[in-house]
Amino acid sequence: MTTATHLDPRRPERTEEALRAHAHPARRAPVSRVPRRVMRIAVYAAPALWVACVVALSLALQLGVQLTPLLAAAPAIACAGTGRRQCIALGCACALLALLPFRPGSEEFGERLVIAPTILIVTFATYLVAQRRLRTQRAYDEVRQIAEVTQRVLLRPVPARVGPVVTAVEYLSAASGAQIGGDFYEIIETPFGVRAILGDMRGNGLDAVSGASALLGAFREAGAVEPALEAVAVRLDAALARHASEIRRAQLARLTQPQLELGGQGKGKAQAHRDAHAETWAEDFATAVLVQIPFGGTGASQPGAPDAAEATLVLCGHPSPFLVHGTETRPVESAACSLPLGLGSLVSEPYAATAVTVPFGPDDALVLYTDGVSDARARCGTFFPLESMLRGVCDLPPDTIADFLRGRLLEHMRGELNDDAALLVLRREA
């Protein structure tokens, strides 16, 4: 049982590098390659050791037990641990060994003649399995490379600095092997200042990627041209509603196809499909928080624009971000929280977004997060104490804060996340 390490980032002996190493174990100093070489030698030596052990036991034992059939395991071991050439070479060698009498008069030649082709058959079957495994591995590697490129296009790397804002982001997907999921984020530089979004699409993992992609595309387009942040939220709501409508039309077409092909006999089957997929036709929605930080000295010059020492936020059903001002950390509350994105069509009036303005001067920071962070619940039932964690790292750089919170979140959940989690830290530089 491992003991959790309690970090105090304010202690002088805890450097920023130590915090990063704790938050990202994979970013620590690279491990020596000696153990990997030893493992590789052991994998190559295992089949030979197996053959040597079988031969030695056959020579040493005085019992009338035939150990020669055990030689068939050597090619299988070779294919599992090394490759195809070793499998064929060892198979042929073991077949020849099976023909040799280890002890005079111990075995009949006819029995040995049966064992030798048996070993060759096992070798051939194992070779085919190894071939199929290599083809599957190559196909998996190609798909993974394509997926990684797609993931980088969807969630583009956030620059360390955008205008007067220093940024840092951490993302953890609940889907095994995926780098993206239902949570999404983006930061763009516009004529109205630095604009950022962080949100959570309904669902998690790969099922929510489609909706997140639609919202990110809409934000990159609307965020660059709409003067008001509230107007950006309205366009995001409309974009997600259109996306959900297109998905439902596609689903309806697929579920109606059996009825078209089978006529009256397909009605029952189509209705059963509709009933089974009725839940997926529910409105797709996403919670999000939009942020606008004006450029210093230019934001107040435009009519109706916020002051350069302020930040504007629009909360669309999203958890309140934290504002870090000096040693004070407090949540940003909105008097009227807007509906989640995509649900504007459920109300008779147009989607209404309400903005809130907060002081945001030099060295102030905003910490945005999704419910995968705030609702992270350990096995003992305790939630992740995000606010208390922030009080101890408020004066550190954004990347160190994000690294530290990521490490503590994984420690809190013991590496097993139930939902996608994202953190975005924005700090205005003096």
Side-chain angles (χ1 to χ4, degrees), residues 150-158 162 167 169-175 178-190 192 194-226 228-250 280-292 312-319 321 337-347 350-355 368-373 419-424 426:
T150 304
Q151 290 171 345
R152 287 194 295 267
V153 170
L154 181 58
L155 287 182
R156 298 182 296 197
V158 172
V162 182
T167 68
V169 66
E170 289 292 345
Y171 192 95
L172 295 169
S173 176
Q179 299 175 6
I180 59 175
D183 291 359
F184 55 92
Y185 58 86
E186 180 62 292
I187 302 175
I188 58 176
E189 188 173 355
T190 72
F192 319 101
V194 178
R195 284 179 169 174
I197 185 174
L198 184 133
D200 183 5
M201 189 67 198
R202 176 175 175 261
N204 59 45
L206 301 179
D207 294 337
V209 172
S210 178
S213 175
L215 282 174
L216 285 175
F219 175 77
R220 289 162 184 162
E221 178 184 356
V225 297
E226 290 290 348
L229 198 61
E230 298 92 323
V232 177
V234 172
R235 290 185 58 172
L236 292 181
D237 173 79
L240 187 56
R242 287 195 305 270
H243 173 77
S245 178
E246 294 171 358
I247 294 297
R248 287 194 296 273
R249 283 199 297 268
T280 65
W281 292 354
E283 290 288 341
D284 288 333
F285 64 89
T287 65
V289 54
L290 287 75
V291 181
Q292 176 176 314
T312 304
L313 296 90
V314 174
L315 301 178
C316 303
H318 199 78
C337 186
S338 306
L339 284 174
L341 300 174
L343 298 184
S345 60
L346 299 182
V347 295
Y351 182 84
T354 305
L368 285 60
Y369 58 93
T370 60
D371 58 2
V373 178
D419 194 6
D420 302 327
L423 284 162
L424 179 61
L426 308 172

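One-based numbering along the sequence shown.
- The two residues Ala224 and Phe192 come nearest to each other via the heavy atoms O-CE1, 3.9 Å.
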Output, in order, the C-alpha distance, side-chain angles, deciding distance and verdict of side-chain contact (heavy atoms from CB on, under 4.5 Å) for Val225 and Arg235. CA-CA 11 Å; Val225 297; Arg235 290 185 58 172; 3.7 Å; yes
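- Residues forming a side chain to side chain contact (heavy atoms under 4.5 Å, CB included) with Leu229 (at least two apart in sequence, or on another chain): Arg195, Leu290, Gln292, Thr312, Val314.
- Atom-to-atom distance recorded for Asp237:CG and Leu215:CG is 9.5 Å, nearest 0.5 angstrom.
- In this structure, the side chains of Asp200 and Asp420 stay at 4.5 Å or more apart for every pair of heavy atoms.
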In sequence, state the C-alpha distance, the side-chain angles, and the governing distance for His318 and Thr370, and then conclude on side-chain contact (heavy atoms from CB on, under 4.5 Å). CA-CA 8 Å; His318 199 78; Thr370 60; 4.1 Å; yes
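- Across every non-hydrogen atom of Ile187 and Ala196, the tightest pair is CG1-CB, 3.9 Å.
- With rounding to the nearest 0.5 Å, the separation of CG in Leu339 from OG1 in Thr354 is 10.0 Å.
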Report the C-alpha distance between Met201 and Leu240 in whole Å, list the side-chain angles of each, state the deciding distance to 0.1 Å, and finish with yes or no for side-chain contact (heavy atoms from CB on, under 4.5 Å). CA-CA 10 Å; Met201 189 67 198; Leu240 187 56; 3.7 Å; yes
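- In plain terms, the two heavy atoms of His243 and Ser210 that are nearest each other are CE1-OG, 2.8 Å.
- Residues Ile197 and Val232 have side chains not in contact (no heavy-atom distance under 4.5 Å, counting atoms from C-beta outward).
- Taking each heavy atom of Pro321 and Leu315 in turn, the nearest pair found is CD-CD2, 3.6 Å.
- Among all heavy-atom pairs drawn from Cys316 and Ala233, the shortest one is SG-CB, 4.1 Å.
- Shown here are the ring-ring contact (aromatic ring centres under 6.0 Å, His included) partners of Phe184, two or more places apart in sequence or in another chain: there are none.
- By the side chain to side chain contact (heavy atoms under 4.5 Å, CB included) test, Ser213 pairs with Leu154, sequence neighbours left out.
- Side-chain contact between Asp183 and Leu172: absent, with no pair of heavy atoms (C-beta onward) separated by less than 4.5 Å.
- Nearest heavy atoms, Tyr369 versus Pro319: CE1-CB, 3.7 Å.
- A search for salt bridge (charged side-chain N to carboxylate O under 4.0 Å, His left out) contacts involving Glu189 returns nothing, not counting sequence neighbours.
- If you take CG on Leu368 and CG on Leu313, they are separated by 7.0 Å, rounding to the nearest 0.5 Å.
- Partners of Ala238 under the side chain to side chain contact (heavy atoms under 4.5 Å, CB included) rule, at least two apart in sequence or in another chain, are Arg242.
- Listed by chain and residue number, Glu186 satisfy the salt bridge (charged side-chain N to carboxylate O under 4.0 Å, His left out) test with Arg156 (two or more places apart in sequence, or in another chain).
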Please evaluate residues Val194 and Thr167 with respect to the criterion side-chain contact (heavy atoms from CB on, under 4.5 Å), reporting the C-alpha separation (whole Å), side-chain torsions for both, the decisive distance (0.1 Å), and the verdict. CA-CA 11 Å; Val194 178; Thr167 68; 6.0 Å; no
